[in-house]
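Heads up: the structure comes next, in structure tokens.
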Amino acid sequence: MVRIETGGKDKYDRTIGDIYHGDDLVNLDLVKAGLAWHYVTYAPDRPDLAEAEQQARESVLGLWGGSHEIVTPWDWRKLSKEQRDHYR
């Protein structure tokens, strides 16, 4: 069972919020493991997420592992098909 504490909607009408499993903040756990981004646009006042992402980057975890070039999801959506093929 999880609990979602909503913080509004984004421009695509998607719910923005924090997900908890018991007392654990799932959002933070995912960022710490390098499995999610800290999306600053929707969480600008979250130093915990910013620090977790920085530590994951420095530890080369998840998204930050390997030798591939990293493209943020919000930049990826702006790329043409040809540009995306460069990263595949």
Side-chain angles (χ1 to χ4, degrees):
M1 222 31 167
V2 297
R3 178 180 84 253
I4 301 172
E5 293 183 5
T6 62
K9 301 270 186 170
D10 69 7
K11 66 182 180 179
Y12 303 105
D13 201 35
R14 297 177 295 200
T15 300
I16 300 168
D18 289 325
I19 302 169
Y20 290 90
H21 181 255
D23 291 331
D24 293 328
L25 179 57
V26 175
N27 311 48
L28 182 59
D29 291 342
L30 290 171
V31 174
K32 279 182 181 178
L35 301 175
W37 301 80
H38 169 213
Y39 201 161
V40 178
T41 300
Y42 295 111
D45 300 322
R46 295 295 302 268
D48 57 337
L49 294 175
E51 183 178 329
E53 182 176 302
Q54 186 60 39
Q55 288 177 355
R57 286 176 183 246
E58 290 171 3
S59 299
V60 197
L61 298 174
L63 294 162
W64 318 112
S67 60
H68 59 282
E69 188 175 348
I70 298 169
V71 180
T72 63
W74 42 95
D75 288 334
W76 176 264
R77 288 189 289 270
K78 296 174 189 173
L79 298 176
S80 68
K81 181 187 179 316
E82 292 76 24
Q83 290 170 315
R84 289 179 182 183
D85 285 345
H86 166 76
Y87 294 103
R88 291 187 171 131

Supply the atom-to-atom distance [X] [atom1] to [Y] [atom2], rounded to the nearest 0.5 angstrom.
{"X": "Leu28", "Y": "Leu49", "atom1": "CG", "atom2": "CG", "value": "6.0 Å"}
{"X": "Leu35", "Y": "Leu30", "atom1": "CG", "atom2": "CG", "value": "6.0 Å"}
{"X": "Asp18", "Y": "Arg46", "atom1": "CG", "atom2": "CZ", "value": "4.5 Å"}
{"X": "Asp48", "Y": "His38", "atom1": "CG", "atom2": "NE2", "value": "7.5 Å"}
{"X": "Asp23", "Y": "His21", "atom1": "CG", "atom2": "NE2", "value": "10.5 Å"}
{"X": "Lys32", "Y": "Glu51", "atom1": "NZ", "atom2": "CD", "value": "8.5 Å"}

Worksheet item: Residues two or more places apart in sequence or in another chain: which of them pass side-chain contact (heavy atoms from CB on, under 4.5 Å) with Asp75?
Response: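 side-chain contact (heavy atoms from CB on, under 4.5 Å) list for Asp75, sorted by chain: Val71, Thr72, Lys78.
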Worksheet item: Does Leu79 reach the side chain of Tyr87, with side-chain heavy atoms less than 4.5 Å apart?
Response: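 Side chain of Leu79 against side chain of Tyr87, heavy atoms only: contact under 4.5 Å found.
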Worksheet item: Does any non-hydrogen side-chain atom of Ile19 lie less than 4.5 Å from one of Arg3?
Response: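 No, side chains not in contact.
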Worksheet item: Got more than 12 heavy atoms from elsewhere within 6.0 Å of CD, Gln83?
Response: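 Check passes, neighbour count above 12.
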Worksheet item: If Ile, Leu, Val, Met, Phe, Trp and Tyr residues are connected whenever their side-chain heavy atoms lie under 4.5 Å apart, and connections chain through other members, are Leu25 and Val2 in the same group?
Response: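 Leu25 does not cluster with Val2.
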Practice prompt. Specify the closest pair of heavy atoms between Ile70 and Trp37, including all atoms of both residues, with the distance to one decimal.
Written response: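 Smallest interatomic distance, heavy atoms only, reads CG2-CH2, 3.1 Å.
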Discussion item. On a heavy-atom basis, which atom in Ala56 and which in Val31 lie closest, and how many Å separate them?
Written reply: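 Scanning both residues, the minimum pair turns out to be CB-O, 3.6 Å.
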Side-chain donor-acceptor contacts of residues 57-64 below 3.5 Å, not counting sequence neighbours, with atom names and distances?
{"residue": "Arg57", "atom": "NE", "partner": "Glu53", "partner atom": "OE2", "Å": "3.1"}
{"residue": "Arg57", "atom": "NH2", "partner": "Glu53", "partner atom": "OE2", "Å": "2.9"}
{"residue": "Glu58", "atom": "OE2", "partner": "Gln54", "partner atom": "NE2", "Å": "3.0"}
{"residue": "Ser59", "atom": "OG", "partner": "Gln55", "partner atom": "O", "Å": "3.0"}

